[in-house]
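FYI, the numbering just counts along the sequence from 1.
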Amino acid sequence: MSFPSVHPITHVRSVTIAVEGLATATNFYRDLWQLDLVTKDDGKAYFGTGCADNYAIKLRENDVAGIELTTFDVTDRAGVDFLAKRVADSGAQIIREPGDRSDFGGGYSCIFFDCDGRAIELAAEIDQRIFREVEAGESRPKFISHVVFNTANLQKTIRWYGEVLGFKISDWLQDFFCFMRTGRWHHIIAFAQSKNTSLNHVSFELYGIDEFMRGTGRMMRAGHQPLWGPGRHGAGDNTYSYFQEPSSGFVMEYTTALQVIDEEHGWTPKVWGTSLEEQDQWGTANVFDEVILAKMAPSDDPVLWTPPQL
């Protein structure tokens with residue numbers, strides 16, 4: 001089965017995070033990170049951004065912190081079925097066959113483990129919500145830009161995402177970091193070679209560079225210094241300010257101006273280096289060091305190979 005000209009996966013719709021302190025995490029995402037608290041019920045909280053997706057972050061109270069589920073938006077039910085068959089044919093473990101979705105917002109989806117044991121959901125027809133668009137000057141996130149995972153076997157993982165789910169390689173950072181896309185955005189997912197299999201970071205798109213700086217400054221005024229940033233990457237050309245979320249320790253990023261790829265005129269992946277100029281075009285960010293790396297590459301996620309509790 002070859003992929004259609006328009007890829008069925010459109011974007012990262014949501015990330016479900018198990019947290020040890022739901023109240024602390026709720027305060028962070030609502031009051032500091034500026035997400036909309038959509039609903040809260042039975043040890044779970046759902047947060048939206050400035051778009052119609054009914055939620056972008058789902059928190060669930062748990063005795064250990066982990067990334068329980070990453071959900072990709074798919075164009076329609078046929079797209080879910082198409083991708084689910086490719087996943088099944090690859091030998092990956094299906095957690096839930098394609099069917100009606102039981103989580104908040106309903107819809108139609110399939111859940112499975114990828115080659116590293118992350119729970120992945122492909123979802124279509126989830127209810128949209130009434131929302132207020134982000135306006136100029138506001139430092140509210142518009143949507144999830146991308147998610148980056150650490151993997152102990154980079155080549156195996158990018159091959160699996162390419163061959164099974166149809167992701168394309170956009171660029172490399174030397175031989176240890178790979179950016180992947182399904183459409184025009186430079187990347188909606190990326191993978192970093194690591195000793196551990198875990199989350200690297202979740203990135204949120206802001207309105208523009210002024211709003212990105214306002215958001216970075218608002219976090220700093222609240223006592224949260226950037227783990228790394230503010231700066232502007234070479235690969236992807238996007239801005240970055242990384243912060244560590246206090247309840248789970250996971251890293252969240254503010255970004256904007258991610259590169260858009262014009263594939264009609266061809267695209268050849270580039271291998272970027274790690275010079276200071278390639279890490280940060282502006283020269284404004286602190287130097288990336290082992291301390292930052294340790295925060296972005298924590299120990300193996302304890303909920304790998306664990307079906308999510310919906």
Any donor-acceptor N or O pair under 3.5 Å, side chains [X], [Y]:
X    : Y    : result
Y108 : D100 : no
T216 : S241 : yes
D237 : Q281 : yes
N196 : S299 : no
S247 : E245 : yes

Backbone of V19 reached by a side-chain donor or acceptor of N62 within 3.5 Å: no

Any donor-acceptor N/O pair, R60 side chain to L310 backbone, under 3.5 Å: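 The answer is no, because no donor-acceptor pair under 3.5 Å joins these two groups.
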
Check: P246 and N27 side chains under 4.5 Å, non-hydrogen atoms: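 N27 does not reach P246 side chain to side chain.
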
Non-hydrogen side-chain atoms of T256 and N238 separated by less than 4.5 Å: no

Crowding at CZ, R221 (>12 non-hydrogen neighbours, <6.0 Å): no

Flag if over 12 foreign heavy atoms under 6.0 Å of OH, Y207: no

Would a line drawn from the ring center of [X] to the ring center of [Y] be shorter than 6.0 Å?
X    : Y    : answer
F167 : F72  : yes
Y240 : F212 : no
H11  : H146 : no
W172 : F179 : no

According to salt bridge (charged side-chain N to carboxylate O under 4.0 Å, His left out), does anything in [range] pair up with another residue at least two apart or in another chain? List the pairs.
range            : value
residues 38-53   : R13-D53
residues 202-211 : D210-R214
residues 274-295 : none
residues 119-130 : D36-R129, R77-E125, R101-E121

With S170, the side-chain hydrogen bond (donor to acceptor under 3.5 Å, both in side chains) member among H186, H187, R181: R181

Salt-bridge contact D103-K58 (side-chain N to carboxylate O under 4.0 Å): yes

Residue pair V147, L199: steps toward the side-chain contact (heavy atoms from CB on, under 4.5 Å) verdict: CA-CA 8 Å; V147 61; L199 177 72; 3.7 Å; yes

Residue pairs fulfilling ring pair (Phe, Tyr, Trp, His ring centres under 6.0 Å) with at least one residue in residues 254-286, sequence neighbours excluded: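 Ring pair (Phe, Tyr, Trp, His ring centres under 6.0 Å) check on residues 254-286 returns W33-Y254.
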
Given F47, F143, Y46, the one that forms ring-ring contact (aromatic ring centres under 6.0 Å, His included) with Y55: Y46

W228 and Y242 aromatic ring geometry - parallel, tilted or perpendicular at 30°/60° bounds: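 Y242 and W228: parallel rings.
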
side-chain contact (heavy atoms from CB on, under 4.5 Å) evaluation trace for L304 with D116: CA-CA 8 Å; L304 290 173; D116 286 335; 5.6 Å; no

Members sharing F131's hydrophobic cluster (side chains within less than 4.5 Å): none

